[in-house]
Amino acid sequence: MSSLARSSHLQLAAFALGTVGWILCTISMGMVEWRVWHVDNTTIVSSGVAWVGIWKVCFISYLHVSPGYKEQFCHKLSGYDSSIPHEIYAAQGLLLIAMFMGLLGVTATIFALRNVYMGVTRKTLITHFFLVGGCFYILAGLCVLIPVSWNFYSVTHNQSIAFPPSYDMPSSPAAQEAGAAIPIGIVAVILLLLSGTFSLSYRFPATVRS
């Protein structure tokens, strides 16, 4: 193995971590289990549990189906609805940006590693690709960190949401807890920031002529 390839083991790990972090970011964004609400009134929310995501709110109800059967009802969170809290709007925008930034980071790292393992000894090209990839990974991690932290803060302080009447949801839960999307987002943040740090740490070997 050439000294050029040996110099990029950490960046290969950065690629793997960044890819997994990007996938987890995408999974977290699509999940509805950001906040788990426990409600006292089970007339409509039959199970007493509702899930509040960044794109929709869902709950199980027996009200409009035959006895003994249950159905999950979901309402999309409209971008034009002023009652939706700022942390949900922020999560929608920032996670889309994070997904795009993460993809750019993965792409830049692939190009850099391709040059390394194909023996292309152009120092500026390789270092710039790793630098760009690392910056994109870190920006993606920060874009995930903000909505995850903000929504977790709202959960721990049991903050309410003034849903429109058509949602059939109470404005305040009896209690709420963090759903699975938040810890998945936290893992994504850690992996993306580590990946960015590893990518930025690349040093072109002095023994290789560029």
Side-chain angles (χ1 to χ4, degrees), residues 17 20-102 139-194:
L17 294 176
V20 175
W22 175 69
I23 292 171
L24 292 179
C25 166
T26 306
I27 291 173
S28 177
M29 181 177 65
M31 293 179 70
V32 73
E33 297 90 353
W34 277 72
R35 306 188 199 181
V36 180
W37 279 29
H38 299 275
V39 300
D40 291 330
N41 188 350
T42 57
T43 303
I44 297 177
V45 185
S46 304
S47 63
V49 177
W51 302 275
V52 180
I54 63 173
W55 304 107
K56 59 185 177 180
V57 54
C58 298
F59 55 85
I60 302 293
S61 180
Y62 302 95
L63 188 62
H64 303 298
V65 293
S66 302
Y69 293 89
K70 63 183 180 179
E71 186 173 347
Q72 180 172 315
F73 291 89
C74 293
H75 297 281
K76 291 184 179 179
L77 299 177
S78 172
Y80 301 101
D81 196 336
S82 59
S83 64
I84 304 304
H86 297 302
E87 63 267 26
I88 289 180
Y89 282 138
Q92 291 175 348
L94 287 171
L95 285 174
L96 285 172
I97 293 172
M99 187 175 67
F100 182 65
M101 292 285 187
L139 287 173
L142 293 176
C143 285
V144 179
L145 177 63
I146 293 171
V148 165
S149 303
W150 197 351
N151 279 274
F152 184 70
Y153 174 86
S154 299
V155 168
T156 55
H157 288 75
N158 200 30
Q159 293 185 356
S160 60
I161 301 175
F163 290 109
S166 60
Y167 281 36
D168 297 319
M169 281 281 293
S171 59
S172 298
Q176 62 179 302
E177 60 191 41
I182 289 181
I184 289 175
I186 292 172
V187 175
V189 170
I190 294 171
L191 294 181
L192 287 168
L193 293 180
L194 278 176

### Side-chain donor or acceptor of W34 paired with backbone N/O of W55 under 3.5 Å
no

### Message
Quick one, I161 with V57, criterion side chain to side chain contact (heavy atoms under 4.5 Å, CB included). Give me CA distance, side-chain angles, the key distance, then yes/no.
### Response
CA-CA 11 Å; I161 301 175; V57 54; over 6 Å; no

#### Entry: Any side-chain heavy-atom pair of L139 and F100 under 4.5 Å
no

### Close side-chain approach of Q92 and L96, heavy atoms under 4.5 Å
no

### Task
Report yes if some heavy atom in the side chain of V144 is under 4.5 Å from a heavy atom in the side chain of L24; otherwise report no.
no

### Query
Under 4.5 Å between any side-chain heavy atoms of W51 and M31, yes or no?
no

### Query
Side chains of V52 and F163: closer than 4.5 Å at any heavy-atom pair?
yes

### Query
In Å, rounded to the nearest 0.5 Å, how long is the span from CG of L94 to CG of L145?
10.0 Å

### Query
Are any side-chain N or O atoms of S149 and backbone N or O atoms of I146, one a donor and one an acceptor, separated by less than 3.5 Å?
no

### Message
Working to the nearest 0.5 angstrom, can you tell me the gap between I27 CD1 and W22 CH2?
### Response
10.5 Å

## Note on the structure
In short, S160 meets S172 closest at the heavy-atom pair CB-OG, 3.0 Å

### Message
Within this structure, what is the CG-CD1 distance for the pair L77 and I84, rounded to the nearest 0.5 Å?
### Response
4.5 Å

### Query
salt bridge (Lys or Arg N to Asp or Glu O under 4.0 Å): which pairs involve residues 85-97, sequence neighbours left out?
R35-E87

### V155 and N151, any side-chain heavy atoms less than 4.5 Å apart
no

Show me the donor-acceptor pairs within less than 3.5 Å that the side chains of residues 174-193 make with the rest of the protein, sequence neighbours left out.
| unit_1 | atom_1 | unit_2 | atom_2 | d |
| --- | --- | --- | --- | --- |
| Q176 | OE1 | W37 | NE1 | 3.2 |
| Q176 | NE2 | N158 | OD1 | 3.1 |
| Q176 | NE2 | Q159 | O | 2.9 |
| E177 | OE1 | H38 | NE2 | 3.4 |

#### Entry: Side-chain heavy atoms of V36 within contact of V49, under 4.5 Å
yes

### Query
Mind checking whether P147 and L95 have side chains closer than 4.5 Å, heavy atoms only?
yes

### Task
Give the minimum heavy-atom separation between A98 and C25, together with the two atoms involved.
CB-SG, 3.9 Å

